[in-house]
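Data first, discussion second: the structure below is written as structure tokens.
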Amino acid sequence: MPELPEVETFARTLKPELVGKTILSAEVYWARTLATPSTDQFKRQVAGQKILDVSRRAKYLILNLEHYNLLIHLRMSGDLIIREGKIKAEKHDRILLQLSDHTVLAFNDTRKFGRIWLTDKPETILGKLGPEPLEKNFTSQWLYENLLNRKRLLKPLLLDQTFIAGLGNIYTDECLHIAQLHPLSLSNTVTQEKAGALHKAIRTVLKEGIRRNGASIDWVYRGGEFQNHFRVYGRDGEACPVCGTIIQKLTVGQRGTHICPVCQHMR
DNA sequence: AGGGAAACCCGAACGC
DNA sequence: TGCGTTCGGGTTTCCC
């Protein structure tokens with residue numbers, strides 16, 4: 001769920017609310033949420049740090065502090081909530097930060113998959129990520145050449161964050177359907193024309209997701225509405241919006257995958 | 001190098 | 001109604 005569009009929405013929302021505030025103290029309720037450092041070190045290092053900026057890289061939220069970067073990955077069920085008052089744990093709260101203006105930033109995460117890093121070397125985590133698909137260095141030509149460079153199943157390659165940063169399972173299915181490519185086709189068999197179609201589809205789908213504030217597919221609602229506009233994701237058994245053929249569900253790289261068997265023919 | 005599987009988690013949705 | 005089971009999301013790690 002927290003694929004690029006949703007995290008982008010979070011970053012935009014949080015920026016004006018957090019920039020300029022100081023983190024006074026922290027409480028950790030689920031230590032595994034903290035990828036690094038240890039709980040004690042985290043509490044010590046984060047205390048007194050002013051939030052200078054809020055941004056996003058791939059699916060990571062970045063709180064730029066005076067001496068560190070706080071990297072937050074929401075995974076599927078993670079949520080950031082700003083509450084009034086003092087630190088007081090609520091259901092599924094994993095880490096709470098007391099802010100200087102009598103508010104609390106809560107990292108609430110039902111499934112405990114989300115991770116937070118406090119580091120002065122964010123490149124060690126962000127450095128391996130592929131290009132941002134909405135930036136200008138992600139071109140159709142770049143995509144074509146790099147698909148050609150490898151011999152990978154198309155869908156797992158698109159999900160690989162070191163190849164392109166930000167696509168998750170939902171958006172990948174949507175992109176492949178628009179570009180009329182089969183998820184099991186090999187990356188080095190994609191023609192220049194198809195690579196162009198895929199490039200265009202990736203940008204279209206991500207922009208649409210951002211415009212609709214992300215997708216809220218599980219019972220964990222976050223206000224997105226892109227889920228009402230899926231073309232194939234979760235629509236197995238329904239008609240393909242392009243040709244009317246029944247959409248099929250299959251498994252590719254252990255991920256639920258939805259295709260129109262006619263539009264996305266293997267060749 | 002690439003792919004499969006398991007692990008990490010929970011609650012919804014299902015089957016009986 | 002109340003059990004037990006299955007599922008899925010993103011990522012890492014291990015194995016072939």
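A, B, ... follow the sequence lines: proteins, then strands. Residue 1 opens every chain. On a predicted model such as this, the values are computed, not experimentally measured, just so you know.
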### Message
Quick one, A/F163 and A/R152 - any side-chain contact, counting heavy atoms below 4.5 Å?
### Response
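No, side chains not in contact.
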Rounded interatomic separation in angstrom, taking [atom1] from [X] and [atom2] from [N]:
X      : N      : atom1 : atom2 : value
A/L157 : C/dT11 : CG    : C1'   : 16 Å
A/M76  : C/dT11 : CE    : C1'   : 8 Å
A/D173 : C/dG8  : CG    : P     : 12 Å
A/F113 : B/dC10 : CZ    : P     : 9 Å
A/D160 : C/dG10 : CG    : P     : 14 Å
A/H258 : C/dG8  : NE2   : C1'   : 10 Å
A/F163 : B/dA1  : CZ    : P     : 16 Å
A/D109 : C/dT11 : CG    : P     : 13 Å

### Query
Charged N to carboxylate O under 4.0 angstrom, A/E6 versus A/K59?
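No, A/E6 and A/K59 are not salt-bridged.
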#### Entry: salt_bridge(A/D93, A/K88) N-O dist < 4.0 Å
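No, no charged N to carboxylate O under 4.0 Å.
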### Query
Does any N or O donor sit under 3.5 Å from an N or O acceptor when you compare the side chain of A/R111 with the base of B/dC9?
no
Write down the protein N/O and nucleotide N/O pairs, taken from nucleotides 3-6 of chain B, whose separation is under 3.5 Å; answer none if there are no such pairs.
| unit_1 | atom_1 | unit_2 | atom_2 | d |
| --- | --- | --- | --- | --- |
| B/dG3 | OP1 | A/L153 | N | 3.0 |
| B/dG3 | OP2 | A/R152 | NE | 2.8 |
| B/dA5 | N7 | A/Q254 | OE1 | 2.6 |
| B/dA5 | N7 | A/Q254 | NE2 | 3.4 |
| B/dA6 | N7 | A/Q254 | NE2 | 3.4 |

### Message
Pairing donors with acceptors under 3.5 angstrom, does anything connect the side chains of A/H177 and A/Q264?
### Response
no
### Task
Before giving the answer on ring pair (Phe, Tyr, Trp, His ring centres under 6.0 Å), spell out for A/Y68 and A/F42 the whole-Å C-alpha distance, their side-chain angles and the decisive distance to 0.1 Å.
CA-CA 11 Å; A/Y68 303 95; A/F42 173 76; 9.6 Å; no
OP1, OP2 of [N] versus side-chain N and O of [X]: anything below 4.0 Å?
X      : N      : value
A/R115 : C/dG10 : no
A/K249 : C/dG8  : yes
A/H92  : B/dG11 : yes
A/H73  : C/dT11 : yes
A/Q161 : C/dT11 : yes

#### Entry: Any donor-acceptor pair under 3.5 Å from A/N69 side chain to A/P122 backbone
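Not a single qualifying donor-acceptor pair exists.
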Nearest to the side chain of [X] - [options]?
X      : options               : result
A/N169 : C/dG8, C/dG10, B/dC10 : C/dG10
A/T110 : B/dG11, B/dC8, C/dT11 : B/dG11
A/R150 : C/dT11, B/dC9, B/dG2  : B/dG2

### Message
Measuring centre to centre across the rings, with the benzene-like ring taken for any Trp, is A/F113 within less than 6.0 Å of A/H73?
### Response
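That pair fails the under 6.0 Å test.
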